[in-house]
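Presented below is the structure to which this report refers.
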Amino acid sequence: MIDRLEKEVDMLERHLQVLKMVIENEPIGIVKMSNETGYPHHKVRYSLRVLEEENLIEPSSQGAITTERTQEFVDELDDKLDQTVDKLGEMRIDSATEVEN
């Protein structure tokens, strides 16, 4: 059950790393991103597609570039991550809680 969550968090981390590279280096292509991150081309391509579907980046002839929506997303990101961390913290089962058999 928790394995899926871990995989999703890893994928989100990759998507955000790719977005950060676009923000800092736009326009930037798949090959450069792959070389700098160490992610295989197909994983970078998938992250770019997800980011494009979210309207956070768009393709150009020189590589990926940001959109008008990118800054708004970045501005809201820390709060959304903090809310998620808090929610996960609320899900903890205290070690003091005894499991009845």
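In this text the structure is predicted, and so the values were computed from the model without any measurement.
In this structure, E68 places its CD atom where only 12 or fewer heavy-atom neighbours from other residues, nucleotides or ligands lie under 6.0 Å away.
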Please set out all donor-acceptor pairs under 3.5 angstrom arising from side-chain atoms of residues 25-41, sequence neighbours excluded.
from : atom 1 : to  : atom 2 : distance (Å)
N25  : ND2    : M21 : O      : 3.0
E26  : OE1    : T66 : N      : 2.8
E26  : OE1    : T66 : OG1    : 3.1
E26  : OE2    : T66 : OG1    : 2.9
S34  : OG     : Y39 : O      : 2.5
N35  : ND2    : V31 : O      : 3.3
T37  : OG1    : M33 : O      : 2.7
T37  : OG1    : Y39 : N      : 3.1
Y39  : OH     : Q17 : OE1    : 3.0

Return all side-chain donor-acceptor pairs below 3.5 angstrom for residues 43-53, not counting sequence neighbours, or 'none' if the list is empty.
from : atom 1 : to  : atom 2 : distance (Å)
S47  : OG     : R14 : NE     : 2.9
S47  : OG     : H15 : ND1    : 2.8
S47  : OG     : K43 : O      : 3.3

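There is a path of hydrophobic side-chain contacts, each under 4.5 Å, that joins V9 to L88.
Side-chain contact of Q83 with D79: a donor-acceptor pair under 3.5 Å is absent, judged by distance alone.
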V74 vs L56, test: side-chain contact (heavy atoms from CB on, under 4.5 Å). Steps then yes/no. CA-CA 10 Å; V74 170; L56 298 174; over 6 Å; no
Can you check side-chain contact (heavy atoms from CB on, under 4.5 Å) on E24 and K20, steps first, answer last? CA-CA 6 Å; E24 293 173 352; K20 184 177 179 185; 3.0 Å; yes
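Distance check: E76 CD to Q71 CD gives 10.5 Å after rounding to the nearest 0.5 Å. Interatomic distance, K80 NZ to L77 CG, rounded to the nearest 0.5 Å: 9.0 Å. A distance of 8.0 Å separates CE of M91 from CG of L5, quoted to the nearest 0.5 Å.
A heavy-atom distance below 4.5 Å is not found between the side chains of I57 and I23. Between L81 and T84, every side-chain heavy-atom pair lies at or beyond the 4.5 Å cut-off.
Nearest heavy atoms, L19 versus T70: CD1-CG2, 4.1 Å.
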